[in-house]
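Take a look at the structure set out below.
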Amino acid sequence: MKNRLSATDIFFRIMPATAGGFLGTCIFLLAFALLQLPASGSIENDAFSNFSVLVIAFVGAISANLLASFFLAVANPEKFFNRKKILFETLLVTILLFFAIIPFSLIKSGASLGVVGLYFIFSAMISVLLAERSAKEVSVFEFAGVAFAGFVLMLVFWQLFNIGGSMMIVILLFALPVSWFLVSIFMALGEFLSGFLKVDN
């Protein structure tokens, strides 16, 4: 296995995962449209809509994470050869995270949209780390890259969340592909830096 990533390797680490995130968003949007939920702050005062958003988010997240992981494995077969393990662990973690966020969405009325955004971010972060761990031990640089990407995503999301209103649905539509894109970039950069230092040493 090569120690140093090429530009082509980095491309195939980022784009397949981002494509999976985008398709997950399409599924999320389709489910949202089928249930005809309000794309505004009125969700905050509707318990059924609150729970429906969580269920739709789960469908979107599990679709995005599985598709992104699958595309990542297909585009990088030499590294991510244990495809079944990657998909199973991704599925399991996405389900566990979903059950973990339910209590938080019930703490405060209308918190479901904010919780969904964090759910998208954390599920993408953990899915990327699981895929990487299936191939080899995750280096400090790779973990730091994913952590930094997660920090940036949460910081930006928190600022946008304060805007509230109808913008929240628009923000959530971008949350999945942007999360996968940014996390994949910093994971690849971490892997590149780790390989670069190993080669030079």
Side-chain angles (χ1 to χ4, degrees), residues 10-43 46 48-76 80 83-84 86-99 101-102 105 112-131 146 149-150 152-154 156-157 160-161 163-188:
I10 294 176
F11 175 84
F12 282 109
R13 294 286 196 277
I14 298 170
M15 297 315 297
T18 305
F22 175 76
L23 289 176
T25 294
C26 293
I27 294 172
F28 172 77
L29 181 60
L30 178 62
F32 205 93
L34 288 175
L35 285 183
Q36 298 182 337
L37 295 176
S40 68
S42 59
I43 289 179
D46 188 334
F48 174 76
S49 294
N50 244 327
F51 183 73
S52 298
V53 166
L54 291 179
V55 174
I56 293 172
F58 172 72
V59 173
I62 207 165
S63 301
N65 295 342
L66 289 177
L67 286 170
S69 298
F70 176 76
F71 291 161
L72 191 63
V74 170
N76 304 272
F80 304 112
R83 194 179 304 170
K84 289 183 179 179
I86 294 172
L87 294 178
F88 174 74
E89 291 183 347
T90 299
L91 175 66
L92 182 62
V93 166
T94 306
I95 292 174
L96 291 176
L97 277 177
F98 172 71
F99 285 108
I101 68 170
I102 292 178
S105 67
S112 59
L113 294 179
V115 170
V116 165
L118 295 178
Y119 174 50
F120 286 166
I121 294 171
F122 275 106
S123 64
M125 290 172 61
I126 296 176
S127 296
V128 169
L129 287 172
L130 286 174
V146 171
V152 171
L153 286 166
M154 286 186 283
V156 172
F157 180 78
L160 294 175
F161 178 70
I163 298 175
S166 60
M167 282 298 296
M168 280 307 303
I169 300 302
V170 178
I171 294 168
L172 289 179
L173 291 178
F174 287 98
L176 280 169
V178 171
S179 294
W180 271 98
F181 177 73
L182 200 60
V183 170
S184 297
I185 283 180
F186 281 97
M187 169 64 86

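Side chains included, hydrogens not; waters and symmetry mates left out as well; all remaining heavy atoms used. Being a predicted model, the structure only gives us computed values, none of them experimental.
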Applying side chain to side chain donor-acceptor pair (under 3.5 Å), name anything that partners Ser127, two or more places apart in sequence or on another chain.
->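 Here no residue qualifies.
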Kindly write out the residues that satisfy side chain to side chain donor-acceptor pair (under 3.5 Å) with Ser184, not counting sequence neighbours, or none if the list is empty.
->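 So Ser184 forms no side chain to side chain donor-acceptor pair (under 3.5 Å) with any residue.
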Heavy-atom check, side chain of [X] versus side chain of [Y], under 4.5 Å:
X	Y	result
Trp180	Asn65	yes
Leu54	Val116	yes
Leu153	Val183	yes
Phe71	Leu23	yes

At their closest point, which heavy atom of Phe157 faces which heavy atom of Gly117, and how far apart are they?
->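 Reported closest heavy-atom pair: CZ-CA, 3.4 Å.
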Taking all non-hydrogen atoms of both residues, which atom of Thr94 and which atom of Phe58 are closest, and how far apart?
->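 Where Thr94 meets Phe58 most closely, the heavy atoms are O-CE1, 4.1 Å.
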Is it true that atom CZ of Phe186 has more than 12 heavy atoms of other residues, nucleotides or ligands lying nearer than 6.0 Å?
->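 Atom CZ in Phe186 is packed in, count exceeds 12.
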Check whether more than 12 heavy atoms from other residues, nucleotides or ligands sit under 6.0 Å from atom CZ of Phe181, and answer yes or no.
->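 At most 12 heavy atoms, drawn from other residues, nucleotides or ligands, come within 6.0 Å of this atom.
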Trace of the side-chain contact (heavy atoms from CB on, under 4.5 Å) decision for Ile27 with Val59 | CA-CA 8 Å; Ile27 294 172; Val59 173; 3.8 Å; yes
Pairwise distance CG(Leu67) to CD1(Ile62) - rounded to 0.5 angstrom |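 With rounding to 0.5 Å, CG (Leu67) is 10.5 Å from CD1 (Ile62).
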Parallel, tilted or perpendicular for Tyr119 and Phe98, by the 30°/60° rule?
->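 Answer is tilted, since the angle falls between 30° and 60°.
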